Amino acid sequence: MIPLRAAEVAAACAEETAIEATVTGLVVDSRLVEPGDLFVALHGERTDGTRFLAEARAAGAALALIARDSSVTVPGTVTEGFAIGVADPLIALGEVAAEVRRRSGAMVVAVTGSTGKTSTKDLLAALLSRVAPTVASLANQNTEIGLPLTFDRVEPETRAVVCELGMRGPGQIGYLAELCRPDVAVITGVGPVHLELLGTVEAVAAAKAEILDSLTSRGTAVVPHAEPLLAPYVEQTRARVITFGETAGADVCLVAFTGGRADFEVHGRTLQVPVTFTQHHNALNLAAALAACEGLGLPLEEVAAGAAEVTFSRWRGELIELERGGLLIADCYNANPTSMAAALRHLAAVAGSRRSVAVLGDMAELGPGGPAYHRQVGELARELGIDRVVSVGDLARDYGGIAYPDVATLLGDLDGLLQPGDAVLVKASRSVGLEAVVEAVAP
């Protein structure tokens, strides 16, 4: 992390301190403390981080932020010369990260969207790494805790940062965007997600569009071409707008995608990009990533070479070869109607002469419309000619096929459901736990 003195940490949190210390890292788990770290004692559902101040200090933490009104009593010998009291450690965590952002000269890209944001983040990290020392969000570090921890890895020499912004409700993306203050803000798409909290897809669009409010007139908004749900927000932004897609009129347009190559039209010129992935939806994610690089003013021919070196995050369309020519598509990190449809189309495209099997679990947080969305996915599977559908969960029964109430029950029958040489898709919302099926099929 870019080093901060204790006084600078305190000032970022609108506090004062006489402590003389310099912090070089940011951590919220006392078990991960390294010498020089700033330990932020968060209050969780199960415990209070303040309980672990002594352990953090013993491990070499240089400074701690604690809640002034913590219910945990800590001996003065632990806090003296070590801890700064703040109103809310979670807010303070974000304020420290924002201070690191202010001190960094790196270009920052923030990515959100109903689907594809993690894969787009992975692609951007690969592209930007071709031209600059790059830091990108790890795993699911896309929350009010995870995003600040991304800035823990930002060093003085870092020249590019890719932040993934997730959400659970209105206002969260706006808050995260204010922390990272992106030069380029990417919205990968808008679809039926988080409907239990937001109610309508229109409300989802409004929540995703919060990322645009953080842009200045020198920034760039990257959005899907001709997306009507985003149109009102795109019209209001002060920033430059670059669109992506696969229809005429998109600034970065996917015009062809075959095994090993994706072709794009970018402002009238053709860009041929070698790729190692086979998913059509990742070709569109690459279009969004290229549009972001265009917004940063980078040479696309140079950064595009990074697409062939991308490593996608685990369980997000991961392709695993099985015995006798079989194939497993491990896409069980999350699911919604849009991503489920894309995954089924990918299964149908790559299955070839193999028998296609879709092991599909519940799609969570869809609200009252959940059963209808599940029925639509089942209808698509039948239209695509998927040979066998295996459903896991109560809502998943509406997919049709062979139904199981839970993963444990399915695992007991798995050997009888799959055959050597099958092409198998495993996809569901994270809460279903279908990663256990992936580990059973490809241990």
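In this text the structure is predicted, and so the values were computed from the model without any measurement.
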To the nearest 0.5 angstrom, please state how far the CG atom of Leu300 sits from the CG atom of Leu298. 8.0 Å
Under 3.5 Å, is there a donor-acceptor pair between the Ser429 and Asp362 side chains? no
Checking Arg261 side chain against Gln272 main chain: does a donor-acceptor pair fall under 3.5 Å? no
Arg103 vs Leu4 side-chain heavy atoms within contact, under 4.5 Å: yes
Check Pro192 against Leu195 and note the closest heavy-atom contact, atom names and distance. CB-CD1, 3.8 Å
Is any side-chain heavy atom of Arg5 closer than 4.5 Å to a side-chain heavy atom of Val9? no
Looking at Val86 and Cys13, what are the two nearest heavy atoms and their distance? CG1-CB, 4.1 Å
Across all chains, not counting sequence neighbours, the side-chain hydrogen bond (donor to acceptor under 3.5 Å, both in side chains) partners of Gln279 are Asn282
Output yes when a side-chain donor or acceptor of Thr134 lies under 3.5 Å from a complementary backbone atom of Ala132, and no otherwise. yes
Please lay out, stage by stage, how Ile329 and Val350 fare under the test side-chain contact (heavy atoms from CB on, under 4.5 Å). CA-CA 10 Å; Ile329 306 172; Val350 301; 4.0 Å; yes
Residue among Val424, Leu327, Leu347, Leu384 satisfying side-chain contact (heavy atoms from CB on, under 4.5 Å) with Ser356: Leu347
Show every ring-ring contact (aromatic ring centres under 6.0 Å, His included) that has at least one partner inside residues 218-264, sequence neighbours left out. Phe257-Phe277
Just to verify, what does His194 make a side-chain hydrogen bond (donor to acceptor under 3.5 Å, both in side chains) with, not counting sequence neighbours? Glu365
Nearest 0.5 Å please: distance from the CZ atom of Phe82 over to the CZ atom of Arg57. 6.0 Å
Any donor-acceptor pair under 3.5 Å from Ser137 side chain to Glu164 backbone: yes
Are there more than 12 heavy atoms of other residues, nucleotides or ligands under 6.0 Å from atom CZ of Arg102? yes
Per the side-chain contact (heavy atoms from CB on, under 4.5 Å) rule, which among Val303, Leu296, Leu123 passes with Leu128? Leu296
Should the pair Arg269-Glu301 be classified as a salt bridge under the 4.0 Å nitrogen-to-oxygen rule? yes
How about Leu26 and Val40: do any of their side-chain heavy atoms sit closer than 4.5 Å? yes
Thr158 side chain to Glu155 main-chain N or O, any donor-acceptor pair under 3.5 Å? yes
Passes side-chain contact (heavy atoms from CB on, under 4.5 Å), Leu53 versus Phe39? Steps please. CA-CA 8 Å; Leu53 278 179; Phe39 173 59; 3.9 Å; yes
Checking side-chain contact (heavy atoms from CB on, under 4.5 Å) for the pair Asp37/Glu34: CA distance, chi angles, key distance, verdict? CA-CA 6 Å; Asp37 279 348; Glu34 295 183 357; 3.7 Å; yes
Interatomic distance, CG@Leu366 vs CG@Asn336, rounded to 0.5 Å, equals 7.5 Å
Above 12 or not: heavy atoms from other molecules or residues under 6.0 Å from CZ of Arg31? no
Output yes when a side-chain donor or acceptor of Ser119 lies under 3.5 Å from a complementary backbone atom of Gly116, and no otherwise. no
Would you name the heavy atoms of Ala291 and Val222 that are closest together and state the gap between them? CB-CG1, 3.6 Å
What distance do Cys293 atom SG and Leu124 atom CG have between them, rounded to the nearest 0.5 Å? 5.5 Å
Value rounded to 0.5 Å, distance of OG1 in Thr237 from CD in Glu235: 11.5 Å
Got a sec, which residues hit side-chain hydrogen bond (donor to acceptor under 3.5 Å, both in side chains) with Thr243, two or more places apart in sequence or on another chain? Asp251
Atom pairs and distances, donor-acceptor, side-chain atoms in residues 169-187, under 3.5 Å, two or more places apart:
from   : atom 1 : to     : atom 2 : distance (Å)
Gln172 : OE1    : Arg168 : N      : 2.6
Gln172 : NE2    : Glu144 : OE1    : 2.7
Asp183 : OD2    : Val108 : N      : 2.8

side-chain contact (heavy atoms from CB on, under 4.5 Å) between Leu425 and Leu344, worked out: CA-CA 8 Å; Leu425 167 67; Leu344 284 170; 4.0 Å; yes
What heavy-atom pair brings Gly25 and Asp152 nearest, and what distance separates the two atoms? CA-OD1, 3.2 Å
Glu157, CD atom: more than 12 neighbouring heavy atoms under 6.0 Å: yes
Looking only at non-hydrogen atoms, find the nearest pair between Ser114 and Val193 and report the distance. OG-CG2, 3.6 Å
Are Arg130 and Glu309 close enough for a salt bridge, meaning some N to O gap below 4.0 Å? yes
Do Arg314 and Tyr333 touch side chain to side chain, with heavy atoms closer than 4.5 Å? no
For a quick test of reading the model, state the closest non-hydrogen atom pair linking His281 to Ala342 and the distance between them. ND1-CB, 3.7 Å
Between the main-chain N or O of Val100 and the side-chain N or O of Ser104, is there a donor-acceptor pair closer than 3.5 Å? no
Are the side chains of Arg218 and Arg240 in contact, using a 4.5 Å heavy-atom criterion? no
For the side chain of Arg345 and the backbone of Met340, is there at least one donor-acceptor N/O pair under 3.5 Å apart? no
Can you tell me if Glu265 and Thr270 form a side-chain donor-acceptor pair at under 3.5 Å? yes
List the atom pairs, donor and acceptor, that lie under 3.5 Å between side-chain atoms in residues 436-443 and the rest of the protein, sequence neighbours left out.
none

Check whether any side-chain heavy atom of Leu360 sits under 4.5 Å from a side-chain heavy atom of Val392, and report yes or no. no
Thr112 OG1 to Lys121 NZ distance, which is reported to the nearest 0.5 Å: 13.0 Å
Would Arg68 and Glu15 count as a salt bridge (Lys or Arg N to Asp or Glu O under 4.0 Å) here? Give the steps. CA-CA 11 Å; Arg68 280 194 294 267; Glu15 303 289 347; 2.7 Å; yes
Does Leu434 reach the side chain of Lys427, with side-chain heavy atoms less than 4.5 Å apart? no
Within a strict 4.5 Å, meaning less than it, do heavy atoms of the Val432 and Val407 side chains meet? yes
